[in-house]
2 protein chains.
Amino acid sequence: MRPSGMDLGQRSETVRRANLSAIVRTLHEEGPQSRSDLVTRTGLTRSAIRVLVGELKAAGLASEDRAVRHGRPGRPSPEVSLVARAAVAVAFSIGVDTLAAAVVGMGGTLLGLSRTDRPRGHKVASAVVDDLVSLLDHLPSGRPEPETVVAVGVAVAGVVRSRDGLVETAPNLGWTGVPLGALLAARLGWSIPVVVRNESDLGVLAEHRRGAAVGIDDVLYVHGEVGVGGGVLVDGRPMAGAAGYAGEIGHVPVDASGLRCRCGAIGCWETQIGAGALLARAGLPRDAGPDALDDVFAAAEAGDVVAQAAIETTGRTLGSGLGGLVNTFNPRMVVLGGIFGRLHPHAHQAIWEELARHTLPAPRAMVRVVPAKLGVDAPLLGAAEVALESVLADPATRFGHRARVAQLASA
Amino acid sequence: MRPSGMDLGQRSETVRRANLSAIVRTLHEEGPQSRSDLVTRTGLTRSAIRVLVGELKAAGLASEDRAVRHGRPGRPSPEVSLVARAAVAVAFSIGVDTLAAAVVGMGGTLLGLSRTDRPRGHKVASAVVDDLVSLLDHLPSGRPEPETVVAVGVAVAGVVRSRDGLVETAPNLGWTGVPLGALLAARLGWSIPVVVRNESDLGVLAEHRRGAAVGIDDVLYVHGEVGVGGGVLVDGRPMAGAAGYAGEIGHVPVDASGLRCRCGAIGCWETQIGAGALLARAGLPRDAGPDALDDVFAAAEAGDVVAQAAIETTGRTLGSGLGGLVNTFNPRMVVLGGIFGRLHPHAHQAIWEELARHTLPAPRAMVRVVPAKLGVDAPLLGAAEVALESVLADPATRFGHRARVAQLASA
DNA sequence: CAAGTTTTGTGTTCCTCCCGCTCAAACCAC
DNA sequence: GTGGTTTGAGCGGGAGGAACACAAAACTTG
């Protein structure tokens with residue numbers, strides 16, 4: 001129909017919301033900065049910035065500190081920063097081998113994180129939900145104050161319908177049709193949104209905001225564990241697809257005469273580059289646990305030829321698939337997460353050679369392949385970022401009320 | 001960094017621009033409608049619509065006709081429509097076998113179209129540019145009035161850098177590094193933008209605005225001729241990638257032991273489903289012309305088993321590749337253009353079976369595969385749409401000046 | 001160290017633009 | 001016709017940012 005967000009008519013109220021959002025977003029993404037920096041970043045005048053920052057301060061969402069001396073003439077401009085604890089997100093992550101919880105404040109401040117092993121094998125969803133929530137009590141910072149929590153974000157290793165957080169399938173968890181969003185919302189009993197997303201979709205967001213892809217708007221993130229998932233940033237926005245299922249690149253068919261995948265199809269990319277494939281090439285059982293993977297990498301570093309060859313071959317297969325994806329997406333950066341991030345130091349040359357062999361010159365010339373910077377925490381931090389999104393998009397609605405109450409009280 | 005378009009501060013001027021844009025866009029995409037329809041569509045008040053429509057009328061961009069009687073009580077609301085000839089786009093298309101030119105007015109009104117054969121084989125770019133421009137004289141409507149042309153759009157069967165219209169490579173045209181945008185701009189001598197894009201990226205836009213995918217925001221368009229290209233609509237926006245090279249799905253590697261592609265790589269999808277592959281399967285030379293293709297389809301319809309098998313096999317190969325793309329993009333619709341659109345009636349079952357075999361249940365359940373509705377004209381019409389985009393995004397800047405001049409003259 | 005320069009915060013006024021309201025016009029139904 | 005309904009016309013008001021003038025706080029220079 002039309003670019004979303006452009007559909008409705010604008011009014012002065014919309015302008016204020018957009019401008020508050022621009023300020024909060026700038027501070028959230030680029031960190032504390034002076035008012036005059038905000039003037040240049042947003043294009044608003046000093047008058048407008050003053051009023052809007054004043055409003056954010058009144059709402060308790062921002063604070064101003066003494067200006068930092070930078071040795072240039074002119075009146076110093078006070079530094080504006082977000083109050084991390086004013087609005088926090090609770091983030092959960094359900095990985096193949098671990099569960100994690102975190103509390104993240106505005107500006108991306110990590111206020112607390114705790115992680116625990118998840119034994120492999122099927123486990124009913126309600127038990128996992130209980131485990132997640134009990135993680136909150138093990139946070140070094142303690143449970144967050146409920147009234148400051150704006151939303152809950154959840155990263156899942158599975159196919160997730162973004163609308164309501166239904167986990168359609170999660171082979172590694174043994175889940176099918178689990179209404180995770182609803183379960184978690186009921187268990188928490190907070191009247192705030194619970195946003196569930198695929199872990200790779202969140203991983204690319206985290207790497208974009210806080211990791212290897214800061215400032216880069218076209219990013220392909222490929223995450224490998226037992227399964228292989230992808231997250232794509234298109235023009236700075238996460239690509240969700242029609243229902244949030246986009247990015248299932250692990251199930252792109254690459255070999256018509258290949259192995260049967262856990263998804264039922266033949267020759268999925270995942271069967272060639274997933275953890276199982278690497279383990280098999282190293283002479284280990286496909287379903288060996290994460291410790292076995294550590295062994296393979298350790299062996300390769302120690303000079304084991306079989307392990308090195310397994311890594312090299314996996315890297316080549318990864319590279320040729322990445323080549324197709326680079327042709328498809330024309331990203332400026334490919335970020336490798338999970339085991340691919342660990343593979344990269346050992347196999348970057350093999351990866352790049354095969355990638356180069358299967359890409360057109362133009363997209364090849366502008367892409368870089370790098371390992372993820374946030375490691376295993378990327379999906380968790382991405383979950384926090386999406387949870388905070390509502391505050392970034394509309395700071396006034398959530399905090400305007402509080403500010404108005406404060407005004408009434410003072411009058 | 002952040003969703004584009006949200007970066008800068010808003011002001012009242014921005015509001016006006018956005019609202020004018022919302023009105024013009026609605027009329028352009030959904031056709032003429034009453035003022036009260038515009039009220040509901042845009043969410044603006046009657047007062048605002050009145051003023052804004054009045055301004056558009058004053059600028060000559062819109063007109064109001066007597067209300068259409070629809071038998072309901074209440075004062076009738078006059079029908080607002082865009083004046084097609086007030087702002088027109090000149091569109092060109094450079095295909096493998098044809099050149100075309102069109103003039104398209106606001107609202108998507110086709111004001112003139114002319115098409116000519118392009119003999120295969122290399123031809124210097126400047127000669128093609130001359131051919132294109134001379135097509136303008138063969139339009140049934142005659143050359144458009146230069147002052148009404150807002151931009152020129154060009155669809156090319158090649159890899160195009162969108163920033164400046166440089167054609168990086170176009171194997172079917174024998175081009176490498178041709179600055180088509182600059183050449184055409186110089187040849188025309190008009191001081192308006194020349195926008196050059198890949199034909200598939202434009203095809204998906206056209207099918208979205210005027211064809212099979214109207215109202216659908218997540219679309220995968222796959223265009224097959226000698227080469228295979230793709231255009232993707234993500235949340236209503238064309239996916240361009242970092243430089244405009246996105247969508248080169250014809251060069252995704254699908255068979256490590258396959259044929260060498262014209263791009264130099266091994267086993268590109270294009271080698272299996274392009275026109276050459278279909279011809280070869282039908283027992284004809286890979287580089288036979290378009291007439292040979294017509295023969296294959298005719299033979300299949302006449303019951304020729306070899307032709308039918310060739311089409312069926314090509315359909316299966318197409319379907320399995322589409323499966324991977326459906327997993328990747330989670331589109332609501334796959335639109336098949338070029339020879340794939342002609343293939344679809346003969347092979348839709350084969351296509352769907354293989355697609356289904358290689359997709360996850362969730363994305364599979366929500367996708368439809370349909371042939372393109374606009375046929376060979378899709379890229380040309382898409383070129384017109386992108387050329388008109390500047391008027392849609394900001395009607396005031398282009399026409400405000402004219403309106404102000406009119407005001408001054410009347411004062 | 002005092003005066004000038006530069007940059008930025010403060011506060012007031014002004015302008016733009018949309019909303020809300022009232023009234024009138026144009027349609028339908030009876 | 002008379003009343004109900006929907007919509008256009010026009011006017012006043014409010015919200016919000018821009019523009020401007022002035023003051024404050026740093027650096028620079030002699």
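Remember, it's a predicted structure, so these values are computed and weren't measured experimentally. Reckoned from all heavy atoms, side chains included, excluding hydrogens, waters and symmetry mates. Naming convention: chains lettered A, B, ... in sequence-line order (proteins, then strands); numbering from 1 in each chain.
Comment: A:E29 engages A:R209 in a salt bridge, judged by a side-chain N to carboxylate O separation of less than 4.0 angstrom. The pair A:R17-A:D394 counts as a salt bridge, with a side-chain nitrogen and a carboxylate oxygen less than 4.0 angstrom apart. Between B:E64 and B:R35 there is a salt bridge, since a side-chain N of the basic residue sits under 4.0 Å from a carboxylate O of the acidic one. For the pair B:E55 and B:R16, the salt-bridge criterion is met [side-chain N within less than 4.0 Å of a carboxylate O].
Across all their heavy atoms, A:M333 and A:I216 have their closest contact at CE-CD1, 3.4 Å. Heavy atoms only, all atoms of each residue included: A:P144 and A:V90 are closest at CG-CG2, 3.8 Å.
Looking at residues two or more places apart in sequence or on another chain, you find a side-chain contact (heavy atoms from CB on, under 4.5 Å) between B:R11 and B:E13, B:T14.
Between B:E13 atom CD and C:dC17 atom C1' the separation is 12 Å, expressed in whole Å.
One finds a side-chain N or O of B:T45 lying less than 4.0 angstrom from the OP1 or OP2 phosphate oxygen of C:dC19.
A donor and an acceptor atom, one from each side chain of A:E385 and A:H28, are located under 3.5 Å apart.
First and last contacts of DNA chain D with chain B, using any nucleotide atom under 4.0 Å from a protein heavy atom and ordered 5' to 3', fall at D:dG4 to D:dA18.
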Mind listing the N/O atom pairs, protein and nucleotides 7-9 of chain C, below 3.5 Å?
{"from": "C:dT7", "atom 1": "O2", "to": "A:R75", "atom 2": "N", "distance (Å)": "2.5"}
{"from": "C:dT8", "atom 1": "OP1", "to": "A:S36", "atom 2": "OG", "distance (Å)": "3.1"}
{"from": "C:dT8", "atom 1": "O4'", "to": "A:R75", "atom 2": "O", "distance (Å)": "3.3"}
{"from": "C:dT8", "atom 1": "O3'", "to": "A:S77", "atom 2": "OG", "distance (Å)": "3.2"}
{"from": "C:dG9", "atom 1": "OP1", "to": "A:S77", "atom 2": "OG", "distance (Å)": "2.2"}
{"from": "C:dG9", "atom 1": "O4'", "to": "A:R75", "atom 2": "NE", "distance (Å)": "3.4"}
{"from": "C:dG9", "atom 1": "O4'", "to": "A:R75", "atom 2": "NH2", "distance (Å)": "3.4"}
{"from": "C:dG9", "atom 1": "N7", "to": "A:R46", "atom 2": "NE", "distance (Å)": "3.1"}
{"from": "C:dG9", "atom 1": "O6", "to": "A:R46", "atom 2": "NH2", "distance (Å)": "2.9"}

